[in-house]
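Only one structure is covered here, and it is reproduced in the block below.
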Amino acid sequence: MARRSGIPGSPLITRRRRGMTSPTRDRIPMTERLDWAEPFRNVHILQTLTPPEADRLLARVERIELAEGEVLFREGDPRARLLLITKGRVELTRTDAYGQVRPVVTLVRGDLLGEGILIEDSVHSTTATAVTPAELVFLHRDRLRAFLDGDHERERRMLSGLLAEVVARVDQLLFRTSGVTHAFSTGRTRTEHDLLGDGQVQAEAYFGLQTVRALANFDIGGVRLNAYPNLIKALALVKKACALANRDCGAITAEVAQAIGEAADEVIVGKLHDYFVVDVLQGGAGTSTNMNANEVLANRALELLGHEKGDYQHVHPNNHVNCSQSTNDVYPTALKLGMILSSERLIEQVEGLLDVLEAKAAEFGAVVKMGRTQLQDAVPMTLGQEFGAFAASLRQELAGLRRSRDDLRVMNLGGTAIGTGLNTPKGYRALAIEYLRQVTGLELTLAPNLIEATQDTQAFVMFSASLKSLAVKLSKICNDLRLLSSGPRAGLGEIHLPPRQPGSSIMPGKVNPVIPEVVNQVAFRVIGNDLAVVLAAEAGQLQLNVMEPVIAASILESLKILANAVLTLRHNCVEGIQADTAQCRRFVENSIGLVTALVPAIGYELSTQVAAEALRSGQSVAEVLRGRGLLTPELEARIAPERMANPE
């Protein structure tokens, strides 16, 4: 259970060491407790208060302790407390349209929750759960109201602080879509310098000048890095591993390495993603992506060390964050890692669809129906066998996807520009890949020939091919579902798909198979993406393939839309499929395909005559046999649909 206490006398309050001029100079590991008072004073609604007012309000702050797994608040609960994490981690999750709980972000020491307590009737849009033992301090809305005590001028000041924060956050979110056209909306800038000279960067932004240039140069598809959180996470994991390796090799100081590592940790748990803004499609073989990551991590590390953004003499995007690295080894390593991470959701969704298909196979095990080849009657089977075949087909694809994913575990990290390892200290390669194993928890290996690995993209080709193969199978299954459910009066109508939306703006009562249709279209897109990957891989020249950004864009999109398509296929279609047992039976009993079972007993020629007469007269096979005096108990048993569906 959560434990609460008042703040006075609490060990949470720690005094700054004598002579310290910056609180961040006395940095402590993220696992230790935070001095809460100064961060609380810097909350937007408190910044407008005078020091005596702030002191009186802070005296009303309380403390709470949470055990691992304990819920702090739930989605829809009133937003009644302003909370500051002083120790541990808290994960925010949200329930999606399918009832699944999805992670939003993990908050760490120093992060705030419930900042909208001044807004009446405001509720939490997420659920907050402690993922480690955690301590927080909080200010309850009731205590805040008592502090205001009808002082409208003081309340106005606090609301103005809240409004300024809302405007700043809206501005930050617009980075995701507006790109360079929105980059200076606050009007505050800082000057940075690169090869091409000086340039202006929005003062609040964690990215730097090279990212701003990329925003102007590559305003192409509007799909930015933050559309793929696992790619951003992968970049941060690689940068953290490299910082640790550089520290051990003496290439950067322990203080700088720790700051880069802590900045990377924040990105890994979902923070600062709004500042990864360059278009996924870009020239330069991924340099803009790499520099976007370098600049965000450098500027956050600067803040952690007590410096201003852009003060690169202390932590530099190239000299420190990119130390011993090149885009040509970092970018493909991060791409592979991001694809491995993103594949987990796809695999999870396919496994969920498999479970439902196998459950439907068991449910429909006794439903006898007509099998068809070339859209013509073939021989009887069960609807359960049909759905079981769907499941077996996808299981094969899942195995292939896992095999091709394993090829992505071979990295060229440490090869730098062309694979020779230029500008890396002795021992760096082995340390970098070992730290990458540690921070990811994955079995990763270093390529035996880094020159070959730096120019080769075949692992991407094979992985994309496995995604295409899965898409082809999914599309074929959806084709079958559309055919089997066609009707409702003038089609096959052997199964009924759950109705999901009205189907026509002119034809009343029409309901279309919209879920299989959208999965078909996703499959077409994935197949097209695979062709783009093949063409890009073929376009490599000499020691580098500069077309890797389109490979990244294609595969990451395929992973994302395939996972979403499989989820909607399972939840909005397959789970609700019903069999029309009577319709299936009618088709079987009226089909001339039953004559196939007669061949071993009466021969092919006589069986053909029976089939032709049944087709000409409209009689059933049994009726024709009876009319010819051929229907014996043995032949009647032979043409029993249940026996034909399970001849063994």
Side-chain angles (χ1 to χ4, degrees), residues 96-98 176-177 218-231 279-282 289 335-336 338-354 390 393-394 396-398 400-402 404-405 408 457 459-483 497 500-501 512-539 547-574:
D96 65 16
Y98 305 107
R176 285 182 176 268
T177 55
F218 309 123
D219 192 7
I220 306 298
V223 179
R224 310 197 181 279
L225 294 179
N226 48 44
Y228 301 111
N230 281 324
L231 175 57
D279 202 299
V280 179
L281 290 173
Q282 57 191 255
T289 294
L335 291 186
K336 290 179 178 180
M339 291 170 191
I340 291 171
L341 296 175
S342 296
S343 70
E344 287 298 324
R345 181 167 178 263
L346 175 58
I347 289 171
E348 177 187 339
Q349 295 305 329
V350 174
E351 288 175 337
L353 178 58
L354 278 171
F390 293 159
S393 177
L394 289 182
Q396 293 169 4
E397 294 305 313
L398 201 55
L401 179 61
R402 287 192 169 106
S404 65
R405 184 180 66 166
L408 297 176
T457 55
F460 295 127
V461 172
M462 300 307 294
F463 186 63
S464 178
S466 69
L467 297 177
K468 177 186 70 175
S469 184
L470 173 60
V472 169
K473 291 289 183 70
L474 285 168
S475 191
K476 191 273 179 187
I477 290 170
C478 288
N479 290 340
D480 289 353
L481 294 179
R482 291 164 59 205
L483 277 172
L497 307 184
R500 286 301 170 193
Q501 63 186 55
N512 296 323
V514 294
I515 303 303
E517 288 172 357
V518 74
V519 177
N520 284 136
Q521 293 172 75
V522 166
F524 305 157
R525 184 61 176 252
V526 172
I527 293 167
N529 283 342
D530 179 67
L531 178 58
V533 171
V534 171
L535 293 173
E538 185 275 335
M547 306 301 176
E548 283 182 347
V550 75
I551 292 176
S554 300
I555 294 179
L556 290 170
E557 183 192 52
S558 292
L559 284 164
K560 183 176 184 177
I561 62 178
L562 267 177
N564 291 337
V566 172
L567 173 59
T568 195
L569 179 62
R570 173 182 64 80
H571 186 273
N572 290 320
C573 182
V574 178

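We use all heavy atoms of the structure for the numbers below, so side chains are in, but hydrogens, waters and symmetry mates are not.
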Nearest 0.5 angstrom please: [X] [atom1] to [Y] [atom2], how far?
X	Y	atom1	atom2	answer
Gln501	Asn512	CD	CG	8.0 Å
Tyr228	Leu341	OH	CG	15.0 Å
Leu483	Asn479	CG	CG	7.0 Å
Thr568	Ile561	OG1	CD1	13.5 Å
Leu408	Met462	CG	CE	11.0 Å
Leu562	Arg525	CG	CZ	12.0 Å

Do [X] and [Y] meet the criterion of a side-chain donor-acceptor pair at a distance under 3.5 Å?
X	Y	value
Asn520	Arg482	yes
Glu548	Thr457	no
Asn529	Glu557	yes

Can you tell if the side chain of [X] reaches within under 4.5 Å of the side chain of [Y], non-hydrogen atoms only?
X	Y	answer
Arg345	Leu567	yes
Glu538	Val534	no
Leu474	Val526	no
Leu401	Leu346	yes
Ile515	Leu481	no
Leu353	Leu569	yes
Ser558	Ser464	no

Where [X] and [Y] come nearest, the two heavy atoms and their spacing:
X	Y	result
Pro549	Leu281	O-CD2, 4.4 Å
Pro513	Pro516	O-CD, 3.2 Å
Gly400	Ser466	O-CB, 4.1 Å
Ala565	Val519	O-CG2, 3.8 Å
Asp279	Val223	OD1-O, 3.4 Å
Phe460	Ile555	O-CD1, 3.6 Å

Electrostatic pair Glu344:Arg405 at N-O distance under 4.0 angstrom: yes

Strictly below 4.0 Å, N to O, side chains only: are Arg570 and Glu348 in salt-bridge contact? no

Working note: Phe463 + Leu559, criterion side-chain contact (heavy atoms from CB on, under 4.5 Å); need CA distance, chi angles, decisive distance, verdict. CA-CA 10 Å; Phe463 186 63; Leu559 284 164; 3.9 Å; yes

Walk me through it: do Leu231 and Leu556 pass the test side-chain contact (heavy atoms from CB on, under 4.5 Å)? CA-CA 9 Å; Leu231 175 57; Leu556 290 170; 3.8 Å; yes

As a quick check of understanding, evaluate side-chain contact (heavy atoms from CB on, under 4.5 Å) for Phe390 and Asp480, giving each step before the final call. CA-CA 10 Å; Phe390 293 159; Asp480 289 353; 3.5 Å; yes

Backbone N/O of [Y] and side chain of [X]: donor-acceptor pair under 3.5 Å:
X	Y	value
Lys473	Gln396	no
Ser343	Ile340	yes
Ser475	Ala471	no

Could you go through the side-chain contact (heavy atoms from CB on, under 4.5 Å) check for Leu470 and Leu398 one step at a time? CA-CA 8 Å; Leu470 173 60; Leu398 201 55; over 6 Å; no

